[in-house]
2 protein chains.
Amino acid sequence: MMEKKGSAKTFGGEIVQYKITSEQLKSDTTFRVFIPGSGKYPVLYFLSGLTCTDENFATKAGALKKASELGIALVMPDTSPRGDGVPNEEGWDFGHGAGFYIDATREPYSTHYRMYSYITQELPGLLSKELSDKLDLSRQSIFGHSMGGHGALTLFLKNPGLYKSASAFSPICHPSDPRCQWGQKAFTGYLGSDSSTWKQHDATELIKTYEGPKVEILIDQGSADNFLPQNQLQPEEFEKAAKECGYPVKVRMQEGYDHSYYFISTFVEDHLEHHAKYLK
Amino acid sequence: MMEKKGSAKTFGGEIVQYKITSEQLKSDTTFRVFIPGSGKYPVLYFLSGLTCTDENFATKAGALKKASELGIALVMPDTSPRGDGVPNEEGWDFGHGAGFYIDATREPYSTHYRMYSYITQELPGLLSKELSDKLDLSRQSIFGHSMGGHGALTLFLKNPGLYKSASAFSPICHPSDPRCQWGQKAFTGYLGSDSSTWKQHDATELIKTYEGPKVEILIDQGSADNFLPQNQLQPEEFEKAAKECGYPVKVRMQEGYDHSYYFISTFVEDHLEHHAKYLK
């Protein structure tokens, strides 16, 4: 059951916030859907970064105009399970707002933190049932930002053919690498300290063994992004691994741009056009 | 002295948040400026609505792309003086975040609540001094939303020639009318109960006696705006007054749109193009 929490007309279409009780997350969760008009549209998921909710991309990315023009529906989920019963920790890079789009295997997180199964299975199943007249779930693509860029790349690479295309803004490309503090913390917490299990959630590792359609992946990265010299992102490692296995990846280093939505909004139309090539 | 609090590259230009100690407001205040590139640009002020700060339009309106293309600088001030020393009241429609772009005459508000003089005099003076290489203050226009739409229309009509053009999204057109609860509360609080003094801050009254260049005013209003049936906005009164005195006003009733930034973003490029006709 999808409960409509709010909606607004925008760019000739409609943006709706839904609330559901998720079986995977064992909690209530919200997501937003932008539907361009009265037709039936392919679906592009946007996965947000640390601390975000389903709201940030909807209000700050400036993506709805081009999505409307191209006839692409956008689905924007939350970044983790939330609520009183969902375990959390101090800080902004683990727990609520920081689900990392994986299924946790370690207690006490494994009950609720199942963002991977929620995004790849439960949510599309729900959408195809409840919005079957508006969304064509046989045509899906995925993109995201930072932690959500990691989500987009890994979900794409782990499920050949599920998504037509993938792209990312400043993605966390190599979270299992010891220099990536975000990845160390999240994977230790959600998966445990045996780092051999981490590689199946790391885009730079996954691409090495990927066997599926090699659809070009587009990545934009700001050169003035503070997290770049901290080695949280490591696009160079992903690019190198892709090159070695002959996977076409276009990493665009955008001079002077940072990690913010001011950066995302500048290049989001390029990403929508990239996905339109494969969705339409 | 303008202190740079933060900045980001966006759409080839730069958005900067500045902090100043305002002489008019007797308090610190922030504003944001978007500068499209390395040239010298005309200035378009955006006045925000109730509860907003200098952030909302910058992050949610999706205006920066078109401003960059047209070569128009945007200046986005806060909606009131703020800070511990600035008197405030319970609620969101008076006091902090609700300055109504007037100079208060009633204690205890008259010391700080001087948004009219701040926007029309102090801020442009400061910009022409500190950003003289980037902004051409001889070419200024103004627009706004809701309370800020009221601000844009009244500042334009009270200062013939100061602004080349004016436009508004869902403006409070007739705040001195007894049916407009926002106006009643604000004007009583800031100006006192003698309602004869209120008319000089009411666009529907001001247009009747306006003598200056009759540059077309563009107004967009959503038909599904909750505040419309509450008579907070009354665009029909402004349109009627304009018609009676032969002032060209285009009020576009946008079917199904509400009062939110989803509405603003849908039509903001039309407004930028409207102003570009007079600024360029």
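Numbers restart at 1 for each chain; the letters A, B, ... are given by sequence-line order, proteins then strands.
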Give, as side chain, backbone, both or neither, the part of [X] having an atom under 4.5 angstrom from any heavy atom of chain A.
X	answer
B:Lys60	both
B:Ala58	both
B:Leu64	side chain

If you count heavy-atom pairs under 4.5 Å between each of A:Ala224, A:Gly62, A:Gly256 and chain B, which one has the most? A:Gly256
Do you know which of A:Phe263, A:Tyr262, A:Tyr261 has the most heavy-atom pairs under 4.5 Å to chain B? A:Tyr262
Heavy-atom cut-off 4.5 Å, strictly under: side chain, backbone, both or neither for A:Glu269 against chain B? side chain
Should the heavy atoms of other residues, nucleotides or ligands under 6.0 Å from [atom1] of [X] be counted, would the total exceed 12?
X	atom1	result
B:Lys250	NZ	no
B:Lys9	NZ	yes
A:Lys134	NZ	no
A:Lys240	NZ	no

Testing the basics here: between A:Asp258 and B:Ser7, what is the closest heavy-atom pair and its distance to 0.1 Å? OD2-O, 4.4 Å
If you look at every heavy atom in A:Ser265 and B:Thr10, which pair is closest and at what distance?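 Minimum heavy-atom separation between A:Ser265 and B:Thr10: OG-OG1, 4.0 Å.
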Given 3.5 Å as the limit, does a donor-acceptor pair link the side chain of A:Tyr257 with the main chain of B:Gly12, or not?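 Such a contact is found between A:Tyr257 side chain and B:Gly12 backbone.
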